[in-house]
Amino acid sequence: MALDLRKELVIPVIPGDGIGPEVVAVTKKLIDAAVNASTAGYVSIRWQEVLAGEAAFNATGEWLPGSTLGDIRAKGVALKGPLTTPVGGGIRSLNVAIRQALDLYASVRPVRYFEGVPSPVKEPQRLNVVIFRENTEDVYKGLEWRCGSKEALGIMAFLKSAHGVELSQDSGIGLKPISESASKRLIRAALSHAVKKKLKSVTLVHKGNIMKFTEGAFRDWGYELARDEFPESVVSESDLRARGLGAVPDGMVLLNDRIADNMFQQILTRPDEYSVLATPNLNGDYLADACAAQVGGLGLAPGANMGDDVAVFEAVHGTAPKYAGKNMANPCSAMLSGAMMLEHLGYEPASKMVVEAVASALSEGVLTQDLARLAGTKSYGTVEFASEVMARLP
């Protein structure tokens, strides 16, 4: 009897809110087709729908059921659509809650240009970076107290009495913790990615000239980590100067750092000098969206939230409720996030098929309304765009 080598992958999926179910539905079909084509039918996916957001609240009274987190943790992976954040109560951010509950400490956002996409810059093809953003600390810790509150006044009184620091009494107070352990594991992931992919550089982006013991420490810990754990594969700019070298040795990754405000202008004026950006939380939030704008917007921006044992892949845009149910949403972010998931799972040929099919459609003028209105061309609906992409699979 012949041995049946067929394999079924079980992947939890959160359809999301607003346009989420539409972009996730076509993404699942594309991923199914790519996996089938790349494995000659031997591998298939069973999508396990799990609840979060409005659908979860309507069904269970909870915005983020524990069973959803348990299912994702058990499978080690999930595909996710955008989620509504409850207004006036409940969880402050469902996205942040998922990341913190599953310890998804690295937000990974590759940003590249696709031929045929309208862009606000002259040479968008020069930008091709991967942003590794710390995903658990900094502003995500959310330590703040309202102006005039007992807690804020108490903290100000302590600062004055213990340290001689005097603040205006009408101040709100916020804390932004940045730890050595969280910083190093994020930077380790960024350096490991650059080494594995043979990329030319990793840049630590920080405001350490002002915030010396949080963002400045992030920078220092990065260099320390590189010296301790990557001595054979990573070299810093100061190392090059000390050795009298004018260029990075073959096979090594350059580690450097840039002040955040300077990085924003350099990513516009000299984008091709950068490969991987490693950042604390808030810097990365700003930079990821700014980079996405250079290549056509968030509709083309895939993302992953990754930990040591679990990874959740998601479209990085919002729920766009005014477009929900109108067959107008751009599914590229979800599709490209699905491609990232396939690569993570070890199905590189399927991942490559998805990316190349999306690229082919865009290059031939197949654009959803968010892009077509900028190009002044015909627009394709969500379903029609997905059909055009599917038609370009091998």
Side-chain angles (χ1 to χ4, degrees), residues 11-28 47-73 77-104 107 109 133 135-136 139-142 144 281-282 284-286 288-289 292-293 297-306 310-338 340-341 368-370 381-383 386:
I11 300 178
V13 57
I14 299 173
D17 302 318
I19 61 173
E22 296 170 75
V23 298
V24 168
V26 296
T27 294
K28 290 193 299 181
W47 298 99
Q48 178 187 2
E49 184 169 323
V50 294
L51 296 178
E54 290 178 344
F57 186 78
N58 293 336
T60 69
E62 297 180 88
W63 290 97
L64 182 58
S67 59
T68 292
L69 295 172
D71 287 336
I72 296 173
R73 192 177 287 112
V77 68
L79 181 68
K80 173 186 162 298
L83 292 173
T84 293
T85 294
V87 176
I91 297 171
R92 183 171 59 181
S93 167
L94 290 170
N95 293 322
V96 174
I98 291 171
R99 294 165 193 170
Q100 292 183 335
L102 298 173
D103 198 25
L104 306 176
S107 169
R109 296 268 297 269
R133 167 194 174 203
N135 221 11
T136 64
V139 296
Y140 267 11
K141 282 294 186 186
E144 59 177 356
N281 182 270
L282 188 58
D285 201 6
Y286 295 150
D289 283 14
L298 291 180
L300 293 160
N305 295 285
M306 307 187 74
V310 182
V312 175
F313 298 83
E314 63 178 354
V316 302
H317 54 70
T319 59
K322 73 176 182 178
Y323 295 117
K326 297 181 179 179
N327 191 38
M328 296 174 67
N330 183 347
C332 286
S333 177
M335 290 176 170
L336 296 171
S337 298
M340 291 179 71
M341 182 183 71
T368 48
Q369 62 86 26
D370 57 319
T382 307
V383 173

Can you see which heavy atom on [X] is nearest to which on [Y], and at what distance?
X	Y	answer
Ala329	Thr382	O-OG1, 2.6 Å
Thr136	Leu104	CG2-O, 4.4 Å
Leu94	Gly53	CD1-CA, 3.6 Å
Met328	Gln369	O-CG, 3.5 Å
Ala301	Ala292	CB-CB, 4.0 Å
Gly20	Pro82	CA-CD, 3.7 Å

Check your understanding: Regarding Thr368 and Asp370, is there a side-chain donor-to-acceptor distance under 3.5 Å anywhere?
Key -> yes
Check your understanding: Do Asn281 and Lys141 meet the criterion of a side-chain donor-acceptor pair at a distance under 3.5 Å?
Key -> no
Could you grab the distance from atom [atom1] of [X] to atom [atom2] of [Y], nearest 0.5 Å is fine?
X	Y	atom1	atom2	result
Ser337	Lys80	OG	NZ	9.5 Å
Tyr323	Asn330	OH	CG	11.5 Å
Glu49	Leu79	CD	CG	11.5 Å
Met306	Met340	CE	CE	7.0 Å

For the backbone of [Y] and the side chain of [X], can you confirm whether one donor and one acceptor N or O come within less than 3.5 Å of each other?
X	Y	result
Asp17	Glu54	yes
Ser333	Val316	yes
Glu22	Asn327	yes

**Study point:** Partner of Ile14 under side-chain contact (heavy atoms from CB on, under 4.5 Å), chosen from Leu64, Ile72, Asp71, Leu51
**Key:** Ile72
Point to revise | Pair Arg109 + Asp285: basic N to acidic O under 4.0 Å | key: no
Just so I know, are the side chains of [X] and [Y] near enough to count as touching, which here means a heavy-atom distance under 4.5 Å?
X	Y	value
Ile19	His317	yes
Ile11	Met341	yes
Val312	Leu102	yes
Asn95	Leu83	yes

Exercise for review: Could you check Val24 against Val13 for side-chain contact (heavy atoms from CB on, under 4.5 Å), going step by step and ending with a plain yes or no?
Suggested key: CA-CA 8 Å; Val24 168; Val13 57; 3.6 Å; yes
